[in-house]
Protein chains: 2
Amino acid sequence: MPTPARTSVDAIVNAGRAILDADGLDAVSMQRVASAVGVRAPSLYKRVRDRDALVRLIAADVLAELGACVGAASTGEDPSTDLAAIADAFRAWALQHPGAFGLVFSRLPDAWQPAPDADPMTGTFGALFRAVAALSGPDDVLEASRLVVAWASGFVGMELAGAFRMGGDVDAAFAYGIDRLVGAIAR
Amino acid sequence: MPTPARTSVDAIVNAGRAILDADGLDAVSMQRVASAVGVRAPSLYKRVRDRDALVRLIAADVLAELGACVGAASTGEDPSTDLAAIADAFRAWALQHPGAFGLVFSRLPDAWQPAPDADPMTGTFGALFRAVAALSGPDDVLEASRLVVAWASGFVGMELAGAFRMGGDVDAAFAYGIDRLVGAIAR
DNA sequence: ACCTGAACACCGTTCAAGT
DNA sequence: ACCTGAACACCGTTCAAGT
């Protein structure tokens with residue numbers, strides 16, 4: 001005898017994302033997600049294969065939000081200003097969403113689905129690739145982008161880990177970084 | 001009636017470190033560590049306050065090893081070659097010890113004890129600070145070091161997370177990065 | 001003094017049973 | 001078709017009891 005569904009994949013992913021933002025990845029347990037959507041843990045397995053699959057769905061959600069966030073920071077005019085604005089937006093987003101940042105940048109083992117964007121220039125981080133390309137020229141886009149993204153994610157990761165413990169102005173260090181990087185990747 | 005100790009903090013930390021290297025941080029459970037040192041889980045609480053304390057001891061061990069590893073890579077001669085050698089040693093170590101790298105660079109919440117080295121120039125990453133200082137001059141050492149370390153840790157973190165999925169030569173991207181950074185921090 | 005089994009409150013996951 | 005309680009094998013941690 002059929003029964004109306006009492007929840008949905010969307011509701012589950014949203015609940016998981018909310019818990020991630022509030023209390024971190026370890027707090028995203030099947031039981032807590034289930035109770036947030038008004039159901040018991042075993043019922044979740046009707047919608048997601050297992051916890052890993054749920055975490056991957058949440059990661060895709062996070063990546064889309066991050067992409068939109070850095071995309072909005074770009075004006076598409078001067079690439080140097082643009083790149084700095086993108087970096088600042090990235091950092092601000094990460095500091096506001098430490099759990100989500102940690103998930104996407106350092107807790108995704110092995111492969112996770114979000115296939116690499118077919119065309120990087122229009123994909124999730126298109127704004128960043130376009131700004132970098134304008135500075136580095138077409139031959140070095142990939143390597144220059146990797147330099148910038150590695151630095152930005154490493155910087156924020158260390159900041160969130162509390163690894164900057166030798167004093168100094170962290171905001172200034174970030175500004176110094178983007179300034180030097182713009183010079184470094186320019187032709 | 002006294003009883004001879006059957007294990008020690010050292011044995012416990014070493015066992016934890018071995019499990020970390022073999023199977024990652026999540027596998028470092030009190031039960032597994034206990035069984036590795038030939039004891040039951042509750043006995044571990046005679047030596048370490050709780051699992052977090054054990055993880056912090058392991059992290060300190062990891063940091064010392066990493067410091068020795070990058071220290072050995074430096075010759076103290078030309079700072080550019082030195083910095084590249086240090087970066088290469090860091091990356092090689094991280095790729096060989098992904099669990100240890102992840103623990104130290106992205107899984108340490110809040111504070112963890114290893115107090116900041118009193119004198120950075122002679123501390124854990126002294127070789128790196130000295131090479132950077134020779135290139136950047138004394139005024140920019142801190143910010144320049146943060147640029148280099150953020151980049152290196154972010155790069156390796158992304159590499160381990162499988163985040164370089166757009167093709168290209170990853171080794172070449174790392175070499176490109178250190179080359180551009182040396183230029184970027186030089187006066 | 002050190003170690004232990006038993007217990008408690010949690011996990012993720014499966015599955016037969018209910019509607 | 002969907003949801004559930006009960007069960008299983010795991011966690012971390014505490015504690016009274018053993019030696």
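In this text, all values refer to a predicted model and were calculated from it rather than measured experimentally. Per chain, numbering begins at 1; letters A, B, ... match sequence-line order.
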Verify the contact: side-chain N or O of [X] to OP1 or OP2 of [N], cut-off strictly under 4.0 Å; return yes or no.
| X | N | answer |
| --- | --- | --- |
| B/R47 | C/dC3 | yes |
| B/S29 | D/dC11 | yes |
| B/R6 | C/dC2 | no |
| B/S43 | C/dC2 | no |
| A/R40 | D/dG5 | yes |

Rounding to an integer number of Å, can you tell me how far [X] [atom1] sits from [N] [atom2]?
| X | N | atom1 | atom2 | value |
| --- | --- | --- | --- | --- |
| A/L44 | C/dC11 | CG | C1' | 14 Å |
| A/Y45 | D/dG5 | OH | C1' | 15 Å |
| B/D26 | D/dC10 | CG | P | 16 Å |
| B/R51 | D/dT14 | CZ | P | 15 Å |
| A/M30 | D/dC11 | CE | C1' | 17 Å |
| A/R49 | C/dG12 | CZ | C1' | 15 Å |
| A/R32 | D/dC11 | CZ | C1' | 18 Å |
| A/D52 | C/dG12 | CG | P | 11 Å |

(message) Pairing check on D/dC2: which nucleotide meets the Watson-Crick or G-U wobble criteria with it, both distances under 3.5 Å?
(response) C/dG18

(message) Partner lookup for D/dG12, please. Criteria are Watson-Crick or G-U wobble with both distances under 3.5 angstrom; report none if nothing qualifies.
(response) C/dC8

(request) Just say parallel, tilted or perpendicular for the rings of B/F155 and B/F164, cut-offs at 30° and 60°. (result) tilted

(request) Go through the steps to decide whether B/L83 and B/I185 satisfy the test side-chain contact (heavy atoms from CB on, under 4.5 Å), and finish with yes or no. (result) CA-CA 11 Å; B/L83 201 53; B/I185 67 178; 4.1 Å; yes

Between [X] and [Y] (salt bridge meaning N to carboxylate O under 4.0 Å), is one present in this structure?
| X | Y | answer |
| --- | --- | --- |
| B/D140 | B/R146 | no |
| B/D10 | B/R17 | no |
| A/E159 | A/R91 | yes |

(request) State which of C/dC3, C/dT14, D/dC2 makes the closest approach to the side chain of A/T3. (result) D/dC2

(message) The side chain of B/T7 is closest to which nucleotide in this list: C/dC3, D/dG5, D/dC2?
(response) C/dC3

